[in-house]
Engineer: 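Below is a structure I'd like to ask you about.
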There are 2 protein chains.
Amino acid sequence: MDIRKQFGANVRKHRQATGLSQEQFALQHDIDRTYVSGIERGKRNPTIVIVNKFAKALDVSIADLFDGCD
Amino acid sequence: MDIRKQFGANVRKHRQATGLSQEQFALQHDIDRTYVSGIERGKRNPTIVIVNKFAKALDVSIADLFDGCD
DNA sequence: ATGTGACTGCTAGTCCGTC
DNA sequence: GGACGGACTAGCAGTCACA
């Protein structure tokens, strides 16, 4: 599976676990609304700094966001 | 600790575990030698596609490359 | 065998929208 | 609420000469 899709799926899973919408989540953590959308759909190829930002925002480890890769 | 430095340190650790020099490693996996150098020194902010490439080249999981990040 | 600055092409990251 | 498009700037990918 494409790593971008896997990463996006994990972001979505953990965001939904927080009960927040993409918009609420984006606003709360100072991220662009459309960027969250793009990430979750696997259309983006984020840098590790962004990965770190999402991990902290979702309150999960970075490893959790790469769960299922391989 | 800066995630770029942590990532770089982990890459270096696992590369050295293979017994290969930066140059040998770079040649073997079709990566530029100076790029490996930049990564290991934490001067680069690679994308997850690159992270995936390094994980496969080093034969470790992606989580291993983020070991020690909080 | 590795560190470093500089460079070009392209894309990551951001902002405005519509459906 | 979320998908998707266009446009823009900052910064990454990839490479080189040189130390």
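Each chain gets a letter, A, B and so on, in the order the sequences are listed, and its residues count up from 1.
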Engineer: Give a yes or no answer on whether the side chain of Gln24(A) reaches the backbone of Ser21(A) with a donor-acceptor pair at less than 3.5 Å.
Structural biologist: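 At least one qualifying donor-acceptor pair exists.
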Engineer: Base, sugar-phosphate alone, or nothing: which one does Glu23(B) contact when heavy atoms must sit under 4.0 Å apart?
Structural biologist: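 Base contact.
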Engineer: For Asn45(A) and dC10(C), what is the distance between atoms CG and P respectively, to the nearest whole Å?
Structural biologist: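 Rounding to the nearest Å, CG of Asn45(A) and P of dC10(C) are 16 Å apart.
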Engineer: How many whole angstroms separate atom CG of Asp32(A) from atom C1' of dA7(D)?
Structural biologist: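 Between C1' of dA7(D) and CG of Asp32(A): 13 Å.
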Engineer: If only side-chain N and O atoms of Ser37(A) are considered, is one of them under 4.0 Å from the OP1 or OP2 phosphate oxygen of dA3(D)?
Structural biologist: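 The answer is yes; a side-chain N or O of Ser37(A) sits under 4.0 Å from OP1 or OP2.
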Engineer: Return the pairing partner of dG1(D) with a 3.5 Å limit on both distances, Watson-Crick or G-U wobble; otherwise return none.
Structural biologist: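 By the stated definition (distances under 3.5 Å), nothing pairs with dG1(D).
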Engineer: Check the distance between dG5(C)'s P and Lys43(B)'s NZ and give it to me in whole angstrom.
Structural biologist: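 Rounded to whole Å, this separation is 8 Å.
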Engineer: Remember a base hit wins even if backbone is also touched, and classify Ser21(A) as base, sugar-phosphate or nothing at under 4.0 Å, heavy atoms.
Structural biologist: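 Answer is sugar-phosphate: Ser21(A) comes under 4.0 Å of backbone atoms only.
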Engineer: Is there a donor-acceptor pair under 3.5 Å between the side chain of Arg15(A) and the backbone N or O of Leu20(A)?
Structural biologist: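 A pair under 3.5 Å: yes.
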Engineer: Starting at atom CD1 of Ile48(A), determine the distance to atom C1' of dC12(D), rounded to an integer number of angstrom.
Structural biologist: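 Rounding to the nearest Å, CD1 of Ile48(A) and C1' of dC12(D) are 12 Å apart.
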Engineer: With the side chain counted from C-beta on, respond yes when Lys43(B) and Arg4(B) share a heavy-atom pair under 4.5 Å apart, and no when they do not.
Structural biologist: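 Counting from C-beta outward, Lys43(B) and Arg4(B) never come under 4.5 Å.
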Engineer: Arg4(B) CZ to dA13(D) P: how many Å, rounded?
Structural biologist: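 Atom-to-atom, Arg4(B) to dA13(D), this comes out as 11 Å.
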Engineer: Could you state the atom-to-atom distance from NZ of Lys53(B) to C1' of dG14(D) in whole Å?
Structural biologist: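 Going from Lys53(B) (NZ) to dG14(D) (C1'), I get 10 Å.
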Engineer: Should the side chain of Arg12(A) and the base of dG2(D) be counted as holding a donor-acceptor pair, with the cut-off at 3.5 Å?
Structural biologist: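 Not at all, since no donor on one side and acceptor on the other fall under 3.5 Å apart.
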Engineer: Hey, which sits more toward the 5' end of DNA chain C by its nearest nucleotide, Thr47(B) or Gln22(B)?
Structural biologist: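 Mapping each residue to its closest nucleotide by heavy atoms, the 5'-most match is Gln22(B).
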Engineer: DNA chain D: Pro46(B) or Thr34(B), which has the more 5' nearest nucleotide?
Structural biologist: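 Its nearest nucleotide lies further toward 5', so the answer is Pro46(B).
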Engineer: Closer than 4.0 Å, any side-chain N/O of Arg33(B) to the OP1 or OP2 of dA1(C)?
Structural biologist: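 So the side chain of Arg33(B) is outside the cut-off, no N or O lying under 4.0 Å from OP1 or OP2 of dA1(C).
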Engineer: Given atom CZ of Arg44(B) and atom P of dG11(D), what is their separation to the nearest angstrom?
Structural biologist: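 Between P of dG11(D) and CZ of Arg44(B): 14 Å.
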Engineer: At their closest point, which heavy atom of Lys53(A) faces which heavy atom of Asp30(A), and how far apart are they?
Structural biologist: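 Heavy-atom minimum between the residues: NZ-O, 3.6 Å.
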Engineer: Can you tell me if the side-chain N/O atoms of Tyr35(B) get under 4.0 Å from OP1 or OP2 in dA13(D)?
Structural biologist: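 For dA13(D), OP1 or OP2 has a side-chain N or O of Tyr35(B) closer than 4.0 Å.
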Engineer: Could you check how far CG of Asp30(B) sits from C1' of dA13(D), rounded to whole Å?
Structural biologist: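 Taking CG of Asp30(B) and C1' of dA13(D), I get 13 Å after rounding.
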Engineer: Is there side-chain contact between Ile62(A) and Phe54(A), with at least one heavy-atom pair below 4.5 Å?
Structural biologist: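 The answer is no; the side chains never approach within 4.5 Å.
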Engineer: State which of dG13(C), dC4(D), dT2(C) makes the closest approach to the side chain of Ile50(A).
Structural biologist: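 Among the listed nucleotides, the one closest to the side chain of Ile50(A) is dG13(C).
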